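Everything numeric in this text was worked out from a predicted model, so none of it was measured. No hydrogens, no waters, no symmetry mates; every other heavy atom, side chains included, goes into these values.
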Amino acid sequence: MELKYIRSIYRFLRDTDIEEIEIEGKEGRIRIKRALSQGQVVSAVEEKKAVEREEEPEQRESRGKNIKVITSPMVGTFYRAPSPEAPPFVEIGSVVKQGQVLCIIEAMKIMNEVESEYGGRVVSILVENGQPVEYGEPLFHIEVGAG
Amino acid sequence: MELKYIRSIYRFLRDTDIEEIEIEGKEGRIRIKRALSQGQVVSAVEEKKAVEREEEPEQRESRGKNIKVITSPMVGTFYRAPSPEAPPFVEIGSVVKQGQVLCIIEAMKIMNEVESEYGGRVVSILVENGQPVEYGEPLFHIEVGAG
Amino acid sequence: MFNKILIANRGEIAVRIIRACKEMGIKSVAVYSEADRYALHTRLADGAICIGPAKATESYLNISSLISAIEVIDAEAVHPGYGFLAESHAFAEVCEKCGIKFIGPTSEVMRLMGNKIQAKKEAEKVRIPVLPWSNRGLSDEKDAIEVSKKIGFPVLIKAASGGGGRGMKLVHTQASLANAFNMAKMESLSAFGDGEVFIERYCELPRHIEIQIVADEHGNVIHLGERECSIQRRHQKIIEESPSPVVDERLRDRMGEAAIKLAKAIGYTNVGTVEFLMDRERNFYFMEMNTRIQVEHPVTEMVTGIDLVKEQIRIATGERLNIRQKDVRFKGHCIECRVNAEDPKTFVPSPGRIKELCLPGGPGVRVDTAIYCNYTIPSYYDNLIAKVIVHADTRIDAIHRMIRALDEFHIEGVKTNIPLLVRILKDHDFIAGNIDIDFLSRFS
Amino acid sequence: MFNKILIANRGEIAVRIIRACKEMGIKSVAVYSEADRYALHTRLADGAICIGPAKATESYLNISSLISAIEVIDAEAVHPGYGFLAESHAFAEVCEKCGIKFIGPTSEVMRLMGNKIQAKKEAEKVRIPVLPWSNRGLSDEKDAIEVSKKIGFPVLIKAASGGGGRGMKLVHTQASLANAFNMAKMESLSAFGDGEVFIERYCELPRHIEIQIVADEHGNVIHLGERECSIQRRHQKIIEESPSPVVDERLRDRMGEAAIKLAKAIGYTNVGTVEFLMDRERNFYFMEMNTRIQVEHPVTEMVTGIDLVKEQIRIATGERLNIRQKDVRFKGHCIECRVNAEDPKTFVPSPGRIKELCLPGGPGVRVDTAIYCNYTIPSYYDNLIAKVIVHADTRIDAIHRMIRALDEFHIEGVKTNIPLLVRILKDHDFIAGNIDIDFLSRFS
């Protein structure tokens with residue numbers, strides 16, 4: 001095997017985050033191992049949490065289509081309607097415009113309306129009415145442009 | 001496989017961040033493992049020690065030729081001669097037979113003769129006369145079959 | 001006893017409070033910013049809630065976020081730790097209004113002691129010595145010159161809402177006073193939103209010695225002796241110890257009584273610290289009062305055997321103190337070193353990922369930290385990464401133990417001030433106890 | 001004082017001794033096998049010397065290697081730790097002959113106490129209670145039957161050179177005696193190279209309670225109270241505490257006096273432990289004496305404030321004890337848990353690389369360990385990886401603190417017995433102090 005060939009492979013590797021590569025030849029076999037960002041060398045606990053919090057099926061799925069996530073802008077209690085008697089702002093399948101109110105987050109007795117950042121169709125509602133939500137918690141999935 | 005080829009590979013590796021390489025030949029197989037920053041799972045202390053203790057230039061070089069290392073079989077004091085007046089058992093360049101005495105390790109007032117496991121030529125003596133040695137410490141390099 | 005406490009802080013102090021809660025059978029809920037998702041306090045608490053982005057003003061300093069978090073998780077009380085909102089009377093007041101127990105004194109007492117002018121006046125009322133001063137906030141340069149002449153140069157200009165040395169100016173001559181006065185006012189205004197300043201006599205080479213007090217809500221107040229905190233860099237303490245090399249039992253009693261007198265006069269509750277300056281003749285002068293748990297509280301815990309964080313929680317539930325002053329015993333000597341992630345020479349902060357970590361252990365060593373191997377220290381917050389605390393029979397034994405402990409402290413990936421700490425501990429003057437608040441500025 | 005000490009051990013006890021040396025200004029030299037090149041004791045000592053391959057018989061148990069190491073590094077003394085050669089009178093004797101100070105009692109005393117028959121006889125001489133026994137080694141089955149009839153069944157057959165339960169057999173009836181007797185002899189011969197056995201009355205559900213003694217080389221002996229070590233698995237202690245829930249001041253004095261009497265009678269020097277069995281009526285019976293530092297020594301250190309390893313070194317230099325019996329104070333309650341790398345259910349050892357590690361810390365917690373993140377636990381040695389020691393005012397506070405500490409102990413890569421330890425600490429009988437040496441065998 002010529003050094004020239006190895007060198008050319010290495011030149012390619014240099015600008016990547018590839019940590020390990022195996023090649024076999026005659027058009028068979030290749031194995032690439034990447035060193036992903038430092039955040040991923042994290043502890044099992046972290047990984048577990050990451051899975052719990054971020055790798056929810058809905059979200060993973062959402063990456064495929066043009067689906068956006070609306071997250072909570074604050075800590076508070078999630079309400080789907082302006083009052084217990086009123087109908088919910090939106091349901092699954094509702095078509096919403098950008099700026100349309102999706103829900104209310106109550107924080108310190110103040111009702112904060114959460115508006116949609118996108119126009120599209122509500123494909124999932126991720127929190128039950130009346131449940132506490134934390135900052136950044138996903139609330140809705142909107143399929144952008146749909147409807 | 002020619003030493004020249006290995007040397008050229010090694011010279012190339014020296015200027016890269018490649019940590020491990022496997023090559024197979026006949027245009028098949030190559031495996032490269034790079035040491036990316038967070039891939040350095042080994043502690044710095046370990047690395048340092050590893051360098052200090054095991055990657056001594058003599059030893060690294062010895063891998064190329066058919067050179068074997070004679071290590072100390074025990075903790076003790078290293079003596080090159082049977083008595084202060086006597087000449088050393090061997091010098092650099094001495095040709096030795098398998099089983100020939102190379103030095104003495106004194107432990108608990110007992111003189112323990114260290115015999116060569118190989119026939120060949122003494123290419124280096126790694127410890128000064130009268131110095132303490134630990135278990136497994138390299139004492140001599142023997143170029144096997146030489147002489 | 002409380003069922004659930006929210007901890008409105010991060011880092012080692014949040015971990016410290018979680019530990020106390022766990023041992024008391026109280027559920028603890030951590031709050032975290034997006035940068036602290038994998039922080040130890042987030043992992044160790046019984047629950048954790050994200051309150052905002054990395055920036056402290058939008059998370060750990062965001063009062064409405066915190067109150068909302070307390071409400072949604074249904075906590076009965078909040079522990080503010082130190083730093084962030086720990087001395088915010090506004091936060092304490094909101095808690096009071098919302099029926100949330102703030103673990104600390106009342107917002108009224110916090111407001112009073114938060115103003116250095118008011119605090120000094122309170123101290124004078126109960127005849128605690130203070131350095132000669134202007135007796136009020138000063139409005140203009142002329143006023144300042146008049147006052148300074150009376151007090152005698154050099155003088156120190158200080159901010160009424162000050163802390164951490166900001167808005168503080170040392171003035172040696174009348175000529176430079178006007179300029180310094182205006183700068184102090186400006187600095188003070190920009191740092192604290194309050195431009196009020198006052199002037200006091202400058203004390204040469206003083207020691208910083210503080211008294212820990214504990215006060216229940218039924219008028220019982222005790223003190224737990226002093227902490228010597230003279231080893232400071234830019235008004236940030238880095239080594240604290242108890243007892244002080246210069247405080248004997250009699251002096252301790254006198255300082256302790258002064259602190260108790262002040263606490264009783266203002267109706268102080270929960271734990272607090274009365275800070276004094278001490279001159280070379282061992283006269284002490286009231287400086288200010290900190291209305292919260294201090295970073296260096298373990299020093300007092302180790303020599304008295306009293307768990308201050310548990311006391312805070314017990315007091316907040318309305319319990320009476322179960323220790324009387326005469327039952328307080330001081331045993332051995334304790335030193336704390338603050339390990340900061342910073343360059344030991346340039347003091348530039350050094351956040352980053354910890355690749356290797358071996359913390360000190362063994363007899364007489366306590367480590368309060370929130371770091372672990374593979375943890376990434378975020379760049380948004382304080383660079384204190386660990387407190388190494390040692391206890392031994394005598395001061396010299398404690399110094400040897402601390403050197404041993406710091407020698408064991410192995411960390412890779414970030415720089416720390418450990419080399420500086422070790423040099424101080426081996427310094428002849430430090431060992432002899434010849435220290436004052438300018439020690440470190442003379443130290444090469 | 002010594003200038004340089006060689007530490008003839010590994011793991012946490014080697015680290016413990018290195019710490020004492022560093023604090024005393026003594027140079028420490030570690031020995032290590034090829035498997036321990038990256039071990040913490042190798043890294044922390046001032047020097048380190050490789051003494052052989054991984055197998056303990058060729059390294060840590062190799063007397064000539066150790067002596068040679070001591071000679072080439074020019075150490076004046078050797079600390080044997082516990083385990084390995086710590087109770088080898090042969091090693092101590094070689095040290096004595098070579099003019100090396102063995103930090104422990106004389107080889108003669110070690111030989112005497114190493115033989116359980118001799119030890120019991122010594123105890124009887126000074127009228128310390130022992131369980132009824134054969135009063136001598138037994139040669140054959142007939143002899144054993146005669147003796148057992150006199151003592152009354154059930155009886156326990158024990159090895160004269162025994163330890164760790166090997167060569168020990170419980171016999172309920174005469175019918176099974178002969179068989180058990182011969183098995184005990186065989187086991188004993190193969191384990192200790194000595195087939196001598198004796199018989200004693202079996203004590204039902206006893207507690208294991210031991211007394212720590214400290215003796216200088218001038219005839220002064222004091223005791224430092226008891227340790228309750230009844231929580232054992234196959235004669236291996238896993239939880240130890242002091243004080244014992246059943247020992248009051250009077251009983252402590254009586255047991256302590258008995259231990260001191262024995263130590264004085266045999267000319268004991270350095271630290272040592274006199275082990276007793278205690279029946280349900282709180283009668284205590286001498287069992288054996290350990291002529292070394294114990295794994296559980298921190299328990300005594302925490303309640304008395306006395307550093308036992310430093311005492312060992314001071315005594316070995318010929319210093320007199322500087323503590324008198326009446327100055328010994330017992331403060332609070334201490335519990336130690338031994339964390340082993342093993343499956344918590346099957347108890348199969350679990351060596352391997354530690355991928356994640358977060359050790360407990362904070363107030364009242366001490367960790368003695370030699371592990372660190374990314375360290376690989378070798379499979380050649382003991383599976384004790386850490387001792388978690390807590391101190392608190394009362395026993396229940398200590399239990400809560402220990403549960404909190406074990407809860408924080410986060411380790412990935414190897415299995416540990418932590419889940420079992422936590423279950424024991426939460427057990428109703430354990431909390432009530434209803435424990436005996438069979439506690440764990442009943443525990444599901």
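- Among residues two or more places apart in sequence or in another chain, the ring pair (Phe, Tyr, Trp, His ring centres under 6.0 Å) test is passed with C:Phe409 by none.
- Among C:Ser33, C:Ser64, C:Gly52, the residue with the largest count of heavy-atom pairs under 4.5 Å with chain A is C:Gly52.
- Atom CD of C:Glu108 has 12 or fewer heavy atoms from other residues, nucleotides or ligands within 6.0 Å.
- Heavy atoms closer than 4.5 Å to chain C are found nowhere in A:Met74, neither backbone nor side chain.
- A:Gln131 does not touch chain C: none of its heavy atoms, backbone or side chain, sits under 4.5 Å away.
- Of the atoms belonging to C:Val94, it is side-chain heavy atoms, and not backbone ones, that fall under 4.5 Å from chain A.
- For C:Lys4, the NZ atom is densely surrounded, since the number of other residues' heavy atoms within 6.0 Å is greater than 12.
- Note: A:Ile105 CD1 to C:Ser68 OG = 9.0 Å, rounded to the nearest 0.5 Å.
- Your options are C:Val72, C:Leu66, C:Ile73, C:Val31, and the one with the most heavy-atom pairs under 4.5 Å with chain A is C:Val72.
- Going from atom CD of C:Glu34 over to atom OH of A:Tyr135 covers 4.5 Å, rounded to the nearest 0.5 Å.
- C:Glu71 and A:Lys109 get closest at one heavy-atom pair: OE2-NZ, 3.6 Å.
- For C:Tyr82, the OH atom sits in a packed shell: over 12 heavy atoms of surrounding residues, nucleotides or ligands are nearer than 6.0 Å.
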